[in-house]
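These notes concern the structure reproduced below.
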There are 2 protein chains.
Amino acid sequence: MKIDKSLVRTFPLFERMDDADTEALLAHASSRRVPVSEAVFEQGAAATHFYLLLHGRLKVTQVTEDGQQIIVRVVHPGDLFGFAKALQRKDYPGTATAVAESIALCWPTELWPQFVDRNPRLAVTAMQTIGQRLEEAHARIREMSTQEVERRVAHAVLRLVKQAGRKEGDAVRIDFPISRQDIAEMTGTTLHTVSRIMSAWEARGLVEGGRQKLLVKDAEGLLALADSAKE
Amino acid sequence: MKIDKSLVRTFPLFERMDDADTEALLAHASSRRVPVSEAVFEQGAAATHFYLLLHGRLKVTQVTEDGQQIIVRVVHPGDLFGFAKALQRKDYPGTATAVAESIALCWPTELWPQFVDRNPRLAVTAMQTIGQRLEEAHARIREMSTQEVERRVAHAVLRLVKQAGRKEGDAVRIDFPISRQDIAEMTGTTLHTVSRIMSAWEARGLVEGGRQKLLVKDAEGLLALADSAKE
DNA sequence: CGAAGCCTTGAATCAAGTCAATAGCTGTGG
DNA sequence: CCACAGCTATTGACTTGATTCAAGGCTTCG
């Protein structure tokens, strides 16, 4: 399968890899197009491949025994995902669903050790990535333990701005379709509460909503909300 | 520093390491005694060492900007902790405090790569450990998102039973001093709510409380509480 | 155009948090 | 050995943030 080397090269992960190594890796990769709302892999399925998102946007969700869903994280272009095997898991802990038309590279998990050998930097990067995720998870736990919903939602939106913001005049557009329900699942609340909060924000000129749309007009204002201690 | 090889050898991490390797590692280790309520390291301090808990019990806490505290995890004998450097961090993300008289081995972080070289299994184990922690964190996020307080507390207590339970007749004793406040910080609630819940449980014969004491008399009953969907 | 999927907004309810007061251990020192 | 200081825990009353229930409106797309 022919894959564009120069595209891959733009991602930090590959940036310092030399041509030979890059080609060796890409030789074993296949690329996969994922239409909106289709899953790349499902929670509990055997972890046969690991992936690199080239283009688009995914959400990783988990479902509890009693059927509730939460969004574990959002996958952005350049992110590795689904490398459960690297953590000695046999199955995927969550489901990865495209929220926008996406393209991912994938490798059979058996190749992970080779992948790492070929570029020791990669082992380090992977470790780092997981470390970051762990920290994010702890940050989220901290937020959920101590902050009321509005601040949590503010934090979540700011995170999206940082990871998926695209300038649009004075404001920042969240660059993929996201619903109130999604935000609720990211912050551990209900779409109703999110809707109310965002209506209030819209009235104050902080954001502009819409069907699966989100435009942040005043990031500083949100930041003030997110950081200010209660009262 | 003379350290008992046979003690170390009882931990899964070292179980399959041969004598030469074990000795090489222990040669660079020092041991450190930590009295109750003293910290092994503090949140934000430079990560100079990584540790292995030999004996005792620690809690790892984080403090938010506005002064609230949460318990990130409990460290049990045999656990590695404080290996921030392995995740490419310069500082410790939390504070590790002894809740019981403890003894830990420690190594300078510079030795981590060597530590890993010496025993590649260790790299794998470390990865696995971190993977587990990530999963635990996600499980906790899931719980906090979807379950009401009583179930969360039930889960937390059951986790303690599994990790620090000591049989005591028909019941199981949590083997270190733990306060209502601690449980509150592990579950994201207040000591008042925890106290109320545990009083109710005590009335139903599920547990027996006391000042920093906790005896689980009916783990099945708790499990039913923890697992049953609401109502 | 109609159906499906999102979003908004009221009203009622409820789980937990806050406030406040008291009681019970535990270890210390007079 | 008793009293006191300092924690830790218990409990009631009240408040409130957020969920649930319910109804209706707005987009988008086939």
Side-chain angles (χ1 to χ4, degrees), chain A residues 35-37 59 66-70 97 99-101 143-154 156-157 174 176-204 207-215 225 229-231, chain B residues 35-37 59 66-71 97 99 101 143-154 156-157 174 176-204 207-215 225 229-231:
Chain A
V36 172
S37 90
K59 61 179 177 185
D66 51 321
Q68 301 235 49
Q69 183 169 284
I70 65 158
T97 312
V99 292
E101 171 89 17
E143 285 177 18
M144 299 191 59
S145 298
T146 62
Q147 302 175 1
E148 70 270 44
V149 173
E150 186 171 21
R151 290 180 67 185
R152 301 210 302 263
V153 175
V157 170
I174 302 305
F176 62 94
I178 184 164
S179 70
R180 305 285 179 272
Q181 176 71 43
D182 290 332
I183 296 177
E185 285 172 13
M186 291 171 26
T187 51
T189 179
T190 62
L191 80 163
H192 305 279
T193 302
V194 171
S195 179
R196 276 182 243 275
I197 289 173
M198 304 244 307
S199 296
W201 288 355
E202 195 155 357
R204 291 171 53 186
V207 302
E208 222 167 270
R211 187 196 180 74
Q212 310 217 90
K213 282 178 176 48
L214 184 49
L215 182 72
L225 261 180
K230 182 171 157 186
E231 107 241 57
Chain B
V36 173
S37 90
K59 60 179 176 184
D66 51 321
Q68 301 234 49
Q69 183 170 284
I70 66 158
I71 295 186
T97 312
V99 292
E101 171 89 17
E143 284 177 18
M144 298 191 59
S145 298
T146 63
Q147 303 175 359
E148 71 269 44
V149 174
E150 186 171 20
R151 288 180 69 186
R152 301 209 304 263
V153 175
V157 170
I174 303 304
F176 62 95
I178 184 163
S179 69
R180 304 286 180 272
Q181 176 71 43
D182 290 332
I183 295 177
E185 284 172 13
M186 292 173 24
T187 51
T189 180
T190 61
L191 79 163
H192 305 279
T193 302
V194 171
S195 180
R196 277 182 243 275
I197 289 172
M198 304 242 308
S199 295
W201 288 355
E202 197 155 356
R204 292 170 54 186
V207 303
E208 222 168 272
R211 186 195 181 76
Q212 310 219 86
K213 282 178 175 50
L214 183 50
L215 182 72
L225 262 180
K230 182 171 156 189
E231 105 238 57

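Convention: sequence-line order gives letters A, B, ...; per-chain numbering from 1.
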(request) Identify the two heavy atoms, one from B:Asp182 and one from B:Lys59, that lie closest to each other, and give their separation to 0.1 Å. (result) OD1-NZ, 3.1 Å
(request) To the nearest 0.5 angstrom, please state how far the CZ atom of A:Arg196 sits from the CG atom of A:Leu191. (result) 9.5 Å
(request) Check whether any side-chain nitrogen or oxygen of A:Ser195 sits under 4.0 Å from OP1 or OP2 of C:dT8, and answer yes or no. (result) yes
(message) Considering every strand and a 4.0 Å limit on heavy-atom distances, what is the contact class for B:Ser199: base, sugar-phosphate, or nothing?
(response) sugar-phosphate
(message) Between B:Thr190 and C:dG17, is there a contact of a side-chain N or O with OP1 or OP2 at under 4.0 Å?
(response) yes
(request) Classify the nucleic acid contact of B:Gly209 as base, sugar-phosphate or nothing, counting any heavy atom under 4.0 Å across all strands shown. (result) nothing
(request) Could you tell me the separation between the CE atom of B:Met144 and the P atom of C:dA16, rounded to a whole number of Å? (result) 12 Å
(message) On the side chain of A:Arg196, is there an atom forming a donor-acceptor pair with the base of D:dG17 - under 3.5 Å, no angle test?
(response) no
(request) Can you tell me the distance, in whole Å, between the CG atom of A:Asp182 and the P atom of C:dG5? (result) 15 Å
(request) Side chain of B:Arg211 only, please: which of D:dA18, D:dG6, D:dT11 is the nearest? (result) D:dG6
(request) Have a look at A:Ser179 and say if it touches a base, only the backbone sugar-phosphate, or nothing, with a 4.0 Å heavy-atom cut-off. (result) sugar-phosphate
(message) From CG of B:Leu214 over to P of D:dT8, roughly how many Å is that when rounded to an integer?
(response) 16 Å
(request) Using heavy atoms to find the nearest nucleotide of DNA chain D for A:Gln147 and B:Ile178 separately, return the residue whose nucleotide is more 5′. (result) B:Ile178
(request) Give the minimum heavy-atom separation between A:Met144 and A:Arg152, together with the two atoms involved. (result) CA-CD, 3.7 Å
(request) Specify the closest pair of heavy atoms between A:Thr187 and A:Ala156, including all atoms of both residues, with the distance to one decimal. (result) CG2-CB, 3.6 Å
(message) At 4.0 Å (heavy atoms only), tell me whether B:Arg180 reaches a base, stays on the sugar-phosphate, or touches nothing.
(response) sugar-phosphate
(message) Measure CD/A:Gln181 against P/D:dT20 and give the value in whole Å, please.
(response) 11 Å
(message) I need the B:Ile178 CD1 to B:Glu185 CD distance, nearest 0.5 Å.
(response) 10.0 Å
(message) Please report the distance, rounded to the nearest Å, between CZ in A:Arg151 and P in D:dG17.
(response) 14 Å
(request) Measure the distance from CD on B:Glu208 to P on D:dA9 and round it to the nearest whole Å. (result) 15 Å
(request) Would you indicate, yes or no, if C:dG17 has its OP1 or OP2 atom less than 4.0 angstrom from a side-chain nitrogen or oxygen of B:Thr189? (result) yes
(message) Using a 4.0 Å heavy-atom cut-off, does B:Gln212 contact any base of the nucleic acid, only the sugar-phosphate backbone, or nothing at all?
(response) sugar-phosphate
(message) Expressed as a whole number of angstroms, how long is the span from B:Ile183:CD1 to D:dT10:P?
(response) 10 Å
(request) Record whether the side chain of B:His192 comes under 3.5 Å of the base of D:dT11 through a donor-acceptor pair of N or O atoms. (result) yes
(request) Can you tell me the distance, in whole Å, between the CD atom of A:Gln68 and the P atom of D:dT20? (result) 8 Å
